[in-house]
Amino acid sequence: MLKNDTFLRALLRQPTEYTPLWLMRQAGRYLPEYCATRKRAGSFLGLCKNPDFATEVTLQPIDRYDLDASILFSDILVIPDAMGLGLYFAEGEGPKFERPLRDEAAIKALQVPDPTETLKYALDAVTQIRKGLAGRVPLIGFAGSPWTLACYMIEGGASEDYRNIKTLMLSRPELLHHILDINARAVIAFLNAQIEAGAQAVMVFDSWGGALSTHAYREFSLRYLAQIVAGLKKENDGVRIPNIVFTKGGGQWLEMIAATGCDAVGLDWTTDLGNARSRIGDKVALQGNFDPSALFAPPEAIRAEVGRLLASFGHGSGHVFNLGHGISQYTPPEHVAALIDAVHSLSRQYHAQPVAA
């Protein structure tokens, strides 16, 4: 039994007493306890692939802060790793693949992995985390979007210009669609397996969707986001499982994203929250969109910015407060506490129920 279901109710646009809050990358290097666990694990992948370590770091921010949701500690690139592309992390360079997709034969050989075999460590972590949470807050499962995964799979790592994938997109679109379809089916299978293991909401991170033109976004990202939403389990054991779709840099496409049938749309900090609500807030919940860099400001400035965002959304439910992207490793932990206190205290006025005459 959940002791705090505020996050889930907000995603379903049901009444809440305050605006719930969680943070993208809330288990991360800004926390000294996370750094200590990572050192014991030996590497980032050592954390991800060991359910005990993944559980430990997932619970750390929940133990430290009054957050309203937890999120599985993992990485979006575990899916292409399970496909055999050889994920590794180069010091100071981020994620890379030993075998990026650079020829037609490799692309056509790509197969949807069985998550109960190749990603069992993540599913075991979901089950362990649920036990460790003991009903304190809900657990979010997640995956990367087909387009974002394909960017890494084809470029071989992070990219500034997406040269290889955009060249493939324009010269051999059928090959890119093949990759994206495989990725979409893999994401559906993985997210549904997370739900069956105990995830109580799921999120799709389209981190690089904003690198596309509107035409290309519709054909090569949005189409597959809609396929995922349609394929997700909407209930588990009779309980509704909400889903969130987040395209970083996707503020101009909010109506299209809401039309996928998702329950909530994530917003980065470049999108005006009040404007987003007027555009799609009658169809979906909104999640976001505090600028992560603002957490370097003093607590009184953080509180003022929280107040501005809450006022921009206005009265009523349907808003999950979050960052516009992942928290920086250099964020002072006490500033996170100030953010959480500000959201919980300042938001109550926007959820007050009118007194009956």
Side-chain angles (χ1 to χ4, degrees), residues 3-11 13-34 58-71 136-138 140 201 203 244 246 248 251 264-278 281 285-353:
K3 300 181 180 77
N4 177 1
D5 66 349
T6 311
F7 164 73
L8 298 177
R9 284 188 282 125
L11 287 181
R13 293 183 291 141
Q14 298 171 355
T16 59
E17 295 178 4
Y18 61 89
T19 301
L21 166 77
W22 70 278
L23 307 175
M24 289 192 226
R25 213 181 291 143
Q26 65 190 23
R29 287 177 287 177
Y30 74 103
L31 292 177
E33 55 267 42
Y34 168 91
T58 298
L59 296 178
Q60 284 169 350
I62 304 303
D63 293 337
R64 179 187 272 256
Y65 300 118
D66 187 22
L67 291 158
D68 295 291
S70 58
I71 182 166
R136 285 180 285 172
V137 294
I140 306 165
M203 180 165 171
I244 308 159
F246 172 56
K248 187 172 182 286
V265 173
L267 310 172
D268 66 28
W269 64 91
T270 65
T271 300
D272 181 85
L273 187 55
N275 177 260
R277 187 182 191 187
S278 69
L286 301 176
Q287 179 175 278
N289 60 343
F290 191 91
D291 185 343
S293 296
L295 282 170
F296 296 117
E300 59 271 20
I302 291 171
R303 189 174 183 88
E305 181 64 5
V306 167
R308 186 190 69 77
L309 285 173
L310 292 171
S312 180
F313 183 86
H315 288 267
S317 191
H319 178 208
V320 172
F321 203 99
N322 206 315
L323 307 180
H325 204 234
I327 191 168
S328 166
Q329 63 176 300
Y330 305 110
T331 302
E334 61 273 18
H335 287 197
V336 174
L339 174 76
I340 295 167
D341 177 71
V343 173
H344 285 165
S345 60
L346 296 177
S347 67
R348 290 182 182 275
Q349 62 183 305
Y350 296 104
H351 297 271
Q353 300 297 313

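Just so we're clear, the structure is a prediction, and the values are computed from it rather than from any experiment.
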Would you confirm whether Tyr34, through its side chain, and Gln26, through its main-chain N or O, come within 3.5 Å as a donor-acceptor pair? no
Between Phe290 and Phe321, how do the two ring planes meet: parallel, tilted or perpendicular, split at 30° and 60°? tilted
Sidechain-backbone polar pair: His351 side chain, Pro15 backbone, donor-acceptor under 3.5 Å: no
Using side chain to side chain donor-acceptor pair (under 3.5 Å) as the criterion, list what pairs up with Arg13, not counting sequence neighbours. none
Give every residue pair that meets the side-chain hydrogen bond (donor to acceptor under 3.5 Å, both in side chains) criterion with at least one member in residues 304-322, sequence neighbours excluded. Glu305-Arg308
How about Leu286 and Leu267: do any of their side-chain heavy atoms sit closer than 4.5 Å? yes
Does atom CD of Gln14 have more than 12 heavy-atom neighbours, drawn from other residues, nucleotides or ligands, at distances under 6.0 Å? yes
Kindly compute the distance separating CD1 (Ile140) from CE (Met24), expressed to the nearest 0.5 Å. 10.0 Å
Rounded to the nearest 0.5 Å, what separates atom CD1 in Ile244 from atom CG in Leu11? 4.5 Å
Rounded to the nearest 0.5 Å, what separation is found between the CG atom of Leu323 and the CG atom of Leu23? 4.5 Å
Nearest 0.5 angstrom please: Leu309 CG to Asn289 CG, how far? 5.5 Å
Step by step, work out the side chain to side chain contact (heavy atoms under 4.5 Å, CB included) result for Thr16 and Thr19. CA-CA 7 Å; Thr16 59; Thr19 301; 5.9 Å; no
For residues 324-331, which side-chain N or O atoms pair as donor and acceptor with protein atoms under 3.5 Å away, sequence neighbours left out?
residue, atom, partner, partner atom, Å
Ser328, OG, Tyr330, N, 3.1
Thr331, OG1, Ser328, O, 2.9

One should read off an interatomic distance between Gln287 CD and Leu21 CG, to the nearest 0.5 angstrom, of 9.5 Å
Which pair of non-hydrogen atoms, one from Pro138 and one from Phe7, has the smallest distance, and what is that distance? CG-CD2, 4.0 Å
Listed partners of Asp68 passing side chain to side chain donor-acceptor pair (under 3.5 Å), at least two apart: Asn4, Tyr18, His344
For Ala294 against Ile302, the heavy-atom pair lying closest together: O-CG1, 3.5 Å
How close do Pro61 and Tyr30 get, heavy atom to heavy atom, and via which atoms? CB-OH, 4.4 Å
Could you go through Phe313 and Tyr350, starting from their C-alpha distance and side-chain angles, then the distance that decides it, and tell me whether this counts as side chain to side chain contact (heavy atoms under 4.5 Å, CB included)? CA-CA 9 Å; Phe313 183 86; Tyr350 296 104; over 6 Å; no
Does Asp63 have any salt bridge (Lys or Arg N to Asp or Glu O under 4.0 Å) partners at least two apart in sequence or in another chain, and if so, which? Arg136
Return the CD to CD1 distance between Gln60 and Ile62, rounded to the nearest 0.5 Å. 11.0 Å
For Arg303, check side chain to side chain contact (heavy atoms under 4.5 Å, CB included) against everything at least two apart and list the hits. Asp341, Ala342, Ser345, Leu346
